[in-house]
2 protein chains.
Amino acid sequence: MGRRDLAAMITPLGRALIAAERPILHEHGLTMWGYVVLNALDGQPAGAQATLAAAIGADKTRIIPVLDELQRDGLIERQPDPDDRRARLVWITARGRRVREAAQADIQRNEERLLARLPPADRRAFIRALEVLSGDL
Amino acid sequence: MGRRDLAAMITPLGRALIAAERPILHEHGLTMWGYVVLNALDGQPAGAQATLAAAIGADKTRIIPVLDELQRDGLIERQPDPDDRRARLVWITARGRRVREAAQADIQRNEERLLARLPPADRRAFIRALEVLSGDL
DNA sequence: TATTGTTATACTCTATAACTATA
DNA sequence: TATAGTTATAGAGTATAACAATA
């Protein structure tokens, strides 16, 4: 009898990680999609909403309520593109960066507790493998 | 700048694996849930539907159409439990076992192509880590 | 009264279609 | 005519509520 299917191991693990993230994000006043958007915007120059949607693999209609909320909370800003007034440029604010970093610190602290169950070498190899395999999806 | 979040790497990877499985399962006449059910039943003694649902983390109502279809295709059988006639015992048939094994062989063959991108040591460590981390979810 | 399996209903998430304003 | 953003609608997937049979 061989190994279990990768998907059968990875999918529940991903689900568990998401479930663990949810309350942490909530403490920082973020939704999952809000956090994804902040991660995509941080370190990037201002771009159009369509560009952002494509970058995170979401429908353009999907992110609109997310952007509305992030803007209301002062974590991002939006402004019509002077070169093409159909488009709206989006960028992260200083406050958005701080919130994103604080949330990520808490999330990764929690993930470290899970990773602690692995021997150090396996743990480093696991991260390396994930970086490779999730490289170009 | 540190590593990416585990969930941010694992979730898209899981999604990609599921997407790759779908057409393979279709060739074997299986749905994703049907395959999950066959995997849960194989090697197990006949049990009640509620037990099965709990084992795969699904709602008891969720699996009913799945069981109907698997039974129609002769991959499982159902019979009222003589000791508690409210319950219906479910078990996999010989044909169900053959279909499950054939599907899994194709699925894992495909997964191996993905894993081939990793150095052999990392690849073994990755599987080991997944087995550990997905152990008790 | 509680539980198994079932069906019917409601809810959540996501994608598609339709609208506006610009190009 | 086509495209960016938006809104409204519809679809898929899932969970919740209600029911019949049995305990």
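The figures here come from the full heavy-atom set of this structure, side chains too, leaving out hydrogens, waters and symmetry mates. Lettering follows sequence order; numbering is per chain, from 1.
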Point to revise | Between D:dA4 (P) and A:I63 (CD1): distance, integer Å | key: 12 Å

Study note, to complete from the structure: Numerically ordered, the residues 65-91 of chain B set in heavy-atom contact under 4.0 Å with DNA chain C is B:R78, B:R86, B:A87, B:R88

Check your understanding: When you look at CZ of A:R97, are more than 12 heavy atoms from neighbouring residues, nucleotides or ligands closer to it than 6.0 Å?
Key -> yes

Check your understanding: Side-chain contact, heavy-atom cut-off 4.5 Å: B:L30 with B:L38?
Key -> yes

Check your understanding: Is the backbone of A:D73 close enough, under 3.5 Å, to the side chain of A:R95 for a donor and an acceptor to pair up by distance?
Key -> yes

Exercise for review: Please report, rounded to the nearest Å, how far the P atom of C:dC13 is from the CD1 atom of A:I64.
Suggested key: 17 Å

Practice item. Please check the phosphate of C:dT12 (OP1 and OP2 only) for any side-chain N or O of A:W33 closer than 4.0 Å. Key: no

Check your understanding: Atom CZ of A:R62 and atom P of C:dC13: how far apart are they, to the nearest Å?
Key -> 8 Å

Check your understanding: Would you say the side-chain atoms of A:Q104 pair up with the backbone N or O of A:N39, donor to acceptor, closer than 3.5 Å?
Key -> no

Point to revise | Exam field: side chain A:E101 to backbone A:G96, donor-acceptor pair closer than 3.5 Å | key: no

Review point. In whole angstroms, how far is the C1' atom of C:dC11 from the CG atom of B:D59?
Key: 14 Å

Check your understanding: Do A:R78 and A:D68 meet the salt-bridge criterion of a basic N to acidic O distance under 4.0 Å?
Key -> yes

**Study point:** Of the listed nucleotides C:dC13, D:dA4, C:dT4, the one nearest the side chain of A:A50
**Key:** D:dA4

Review point. What is the nucleic acid contact for A:A48, judged by heavy atoms within less than 4.0 Å: base, sugar-phosphate only, or nothing?
Key: sugar-phosphate

Revision key, fill the gap. Atom NZ of A:K60 and atom C1' of D:dT7 are separated, to the nearest Å, by 11 Å

